[in-house]
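Every value quoted in this text rests on a predicted model; they were computed, and no experiment measured them.
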Amino acid sequence: MWDYAFFGSKGVDRTLFLFQLTPDNNTDFFAYMGNEYEKDNTSDDGMNVFGRSLDTDPLLEGESAFCVGFFQREVKTKQDENALCAHFHNIKEIHSGLQNN
């Protein structure tokens, strides 16, 4: 199960992120794809894929909340990723407070 995903480019001072605010126990899908098997997403036309197939039934039930945003720095190191996760925690706390009011 994936808790979050983030994407960026070297030299760009922001990182796109997303995570689910309402956790579930469903299996998440994430893959590296490209035209060269050994290189995966580093091949000339590589990409990251997450989500579900169009031919499947939705697994989410009831209301679900997701957060999509930009972290205002490049994530290059484990320390950067830890700062990003702390940012997620702050957002989750705000969301939880809004839900309780």
Side-chain angles (χ1 to χ4, degrees):
M1 184 172 358
W2 294 86
D3 292 327
Y4 56 86
F6 63 92
F7 311 90
S9 293
K10 291 179 183 177
V12 177
D13 63 352
R14 65 186 50 90
T15 302
L16 175 67
F17 66 81
L18 63 113
F19 63 91
Q20 188 172 356
L21 287 162
T22 48
D24 60 41
N25 293 318
N26 295 326
T27 302
D28 300 315
F29 175 79
F30 186 89
Y32 301 110
M33 300 178 73
N35 67 348
E36 300 173 59
Y37 180 76
E38 292 82 16
K39 290 186 175 182
D40 295 325
N41 69 326
T42 60
S43 64
D44 291 339
D45 69 345
M47 65 182 149
N48 299 322
V49 177
F50 61 96
R52 64 179 184 87
S53 169
L54 295 176
D55 297 330
T56 60
D57 293 326
L59 298 176
L60 294 176
E61 296 177 4
E63 293 185 17
S64 294
F66 295 84
C67 182
V68 178
F70 285 100
F71 187 55
Q72 296 301 316
R73 69 195 244 198
E74 184 178 2
V75 176
K76 298 185 287 188
T77 66
K78 187 62 177 173
Q79 184 178 0
D80 294 335
E81 186 175 352
N82 289 343
L84 179 61
C85 288
H87 184 64
F88 295 162
H89 178 75
N90 291 338
I91 293 170
K92 288 179 183 180
E93 289 292 318
I94 292 168
H95 179 262
S96 178
L98 293 173
Q99 295 299 307
N100 294 330
N101 289 328

Output side-chain donor-acceptor pairs under 3.5 Å for residues 8-19, partner residues at least two apart or in another chain, one line each.
{"from": "Thr15", "atom 1": "OG1", "to": "Arg73", "atom 2": "O", "distance (Å)": "2.8"}
{"from": "Thr15", "atom 1": "OG1", "to": "Val75", "atom 2": "N", "distance (Å)": "3.4"}

Interatomic distance, Glu93 atom CD to Leu98 atom CG [nearest 0.5 angstrom]: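 So the CD of Glu93 and the CG of Leu98 are separated by 11.5 Å.
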
Using 0.5 Å steps for rounding, measure from the NE2 atom of His89 to the OG atom of Ser96. 10.0 Å

Check whether any side-chain heavy atom of Cys85 sits under 4.5 Å from a side-chain heavy atom of Tyr4, and report yes or no.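 Yes, at least one pair of side-chain atoms sits under 4.5 Å.
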
Test: ring pair (Phe, Tyr, Trp, His ring centres under 6.0 Å). Region: residues 57-76. Which pairs qualify, not counting sequence neighbours? Phe71-His87

Is atom CD of Gln79 surrounded by more than 12 heavy atoms (other residues, nucleotides or ligands) closer than 6.0 Å? no

With sequence neighbours left out, what residues match Glu74 under salt bridge (charged side-chain N to carboxylate O under 4.0 Å, His left out)? none

Mark yes or no for whether Ser64, through its side chain, and Thr22, through its backbone, hold a donor-acceptor pair below 3.5 Å.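 Side chain of Ser64 to backbone of Thr22, a donor-acceptor pair under 3.5 Å: no, none is there.
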
